[in-house]
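All ligand and atom numbering here is 1-based and tracks the order in the structure. Reckoned from all heavy atoms, side chains included, excluding hydrogens, waters and symmetry mates.
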Amino acid sequence: MPRDNHVLIFDTTLRDGEQSPGATMTHDEKLEIAELLDEMGVDIIEAGFPIASEGDFEAVRDIAARARNATICGLARANIRDIDRCWEAVKDAKSPRIHTFIGTSPLHRAIPNLSMDEMVERIHDTVTHARNLCDNVQWSPMDATRTEHDYLCRTVEVAIKAGATTINIPDTVGYTAPRESAALIAMLLERVPGADTITFATHCHNDLGMATANALAAVEAGARQIECTINGLGERAGNTALEEVVMAMRVRNDIMPYRTNIDTTRIMNLSRRVATVSGFPVQFNKAIVGKNAFLHESGIHQDGVLKNVQTFEIMRPEDIGLQAANIVMGKHSGRAALRSKMKELGVDLADNQLNDLFVRFKALADRKKEVYDDDLLALVQDADTHEAHDTLQLRRLRVTSGTDTRAEAELTLAIEGEEKSITLQGDGPVDAAFNAVKALYPHGGRLDLYQVSAVTEGTDAQATVSVRISESGRIATGQAADTDTIVASVRAYVNAINRLIERRKKSAPGDDVKQVSYSDPAE
Ligand code: KIV
Ligand code: ZN
């Protein structure tokens, strides 16, 4: 492969990211994220692990059928059944890819109990099988960074000879460091016959906080595909963050003269959607997409930025699609102004959606002095997650709490249209309100996550609340935004229960829990 300066972006938010415990997305959410990734210019979307569950299979198949530009890839272990299932899922894509892997380090080799020679034979057979199905095959030696160099070269060589077109070098446990990451790619390029005919990919985990640096170092040594996720979502400390590597190569193009196909102005929107649907909020000081990434709070910084923005800003907020945090409108603003503002924010609304948003915007403007872009986006998001046909609807909530009384919640829910009320106490207002919901609608859902964050600054800010519950291996998340944190909490909880009810109708118990292990080599 000629090593020109084009770096392919391989996004694995929907596979390695979604695998992160609790980050499970629904089928529709996966389709939506895949569409946004495709529109943003991601070259390859790893859409899932088709053998892992029926849900994964269907998501990969449907994403493959819809993708317009991106190559759609599925993951498969080194066995014929996995590879056949993967091909079944991706084969209708305009550009399909099979990604098959096996753990090559001493620790990983011990699990399938294969000798080194037997593993080489397995690699040859499985890559050959994949290549007979699909002319775009990626092979990964899992835990490559802890694999003996001689053995790594031998396995990569056999995979190339068997027809792999991309060789991915995973730092599975986030163990390597930049210099070593670069040296490993350079070593493979130098020693492996045929290495110049394929693309090397780098796949880094962030356990030591070096995933971005390691990926960029690998590119400098000749890798031309970066595997990454939006917001760095992924198991443990996550994967290389797409927004970090893409913006690093753009901002420091003087020393990293590489280009990608990514339309960076779509980054912020994707980051927000992935945070919402995965239930993993972005830390405030996260590079590129954190809430504080473009804030200049300290006096010295503000002064500098006002005189010349480049004093403290190395990139512009617009580069990642972030609009300046302007006060949008007050309570006297009209429908036309709201429509044009939403257009500017990239949100196209049908007339009925605009009418609904307008009513909610007016109600918010009555309670909140200043309505910001983020407030409007939170309202839109909220409207997207709550459906008129939901089984449970919050009708009324009144909560009392104090230093010397137990918190008490008076709650009325409409359950399939019929109103039911109860008053219950709890350890604090949220606990009291959640107890009341559970008493009115008993369910087996365990509360796995309850997270509150403020949309903007100030004590009158809207709170967005994310709730995740699980029941018999089914996982459901709910979100809501409101200026009253307790109301937002109950609406998010009710929303999660509604999603759980939908999942009960559609899936068998245990469907959301990945049933397979990465080390299972079963044929
Ligand atoms: O981290 C890893 O090794 C992986 C492989 C399955 C490619 O995600
Ligand atoms: Zn990984």
Can you list the ligand 1 atoms lying under 4.0 Å from a non-hydrogen atom of His205?
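Listed by number with element: 1 (O).
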So if I count the atoms of ligand 1 from 1 in the order they appear, which ones are less than 4.0 Å from some heavy atom of Pro170?
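Close to Pro170: 2 (C), 3 (O).
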Is the shortest distance from a heavy atom of Glu227 to ligand 1 less than 4.0 Å?
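No, that is not the case, since the closest heavy atom of the residue is not under 4.0 Å from the ligand.
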So do [Y] and [X] actually touch side chain to side chain, heavy atoms under 4.5 Å?
X	Y	value
Ile102	Pro141	no
Pro112	Met119	yes
Arg250	Met256	no

Between Phe434 and Tyr450, what is the ring plane arrangement, given parallel below 30°, perpendicular above 60°, and tilted in between?
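Phe434 and Tyr450: perpendicular rings.
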So is [X] polar-close to ligand 1, meaning N/O to N/O under 3.5 Å?
X	value
Asp16	yes
Thr172	yes
His203	yes

Can you name the one residue among Arg446, Arg504, Arg499 that meets salt bridge (Lys or Arg N to Asp or Glu O under 4.0 Å) with Glu471?
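For Glu471, the salt bridge (Lys or Arg N to Asp or Glu O under 4.0 Å) test succeeds with only one of Arg446, Arg504, Arg499, which is Arg504.
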Contacts of the Zn ion (ligand 2) with protein N/O/S atoms, counting only those under 2.8 Å:
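Listed by chain and number, the nearby protein N, O or S atoms are Asp16 OD2, His203 NE2, His205 NE2.
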Is the positively charged end of Arg468 above the ring of Phe280, judged by distance under 6.0 angstrom from the centroid and angle within 45° of the axis?
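Checked: cation-pi criterion not met.
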Around atom 8 (O) of ligand 1, find the nearest protein heavy atom and jot down its residue, atom name and distance.
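The closest heavy atom on the protein side is Arg15 NH2, 3.0 Å.
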Worked check of salt bridge (charged side-chain N to carboxylate O under 4.0 Å, His left out) between Glu54 and Arg85
CA-CA 11 Å; Glu54 196 53 33; Arg85 189 76 175 144; 3.2 Å; yes
Heavy atoms only: give me the nearest Arg97-Thr71 pair and the separation to one decimal.
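Where Arg97 meets Thr71 most closely, the heavy atoms are CB-CG2, 3.7 Å.
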Return the set of residues passing ring pair (Phe, Tyr, Trp, His ring centres under 6.0 Å) with His205 (not counting sequence neighbours), or none when no residue passes.
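Ring pair (Phe, Tyr, Trp, His ring centres under 6.0 Å) check on His205 returns His203.
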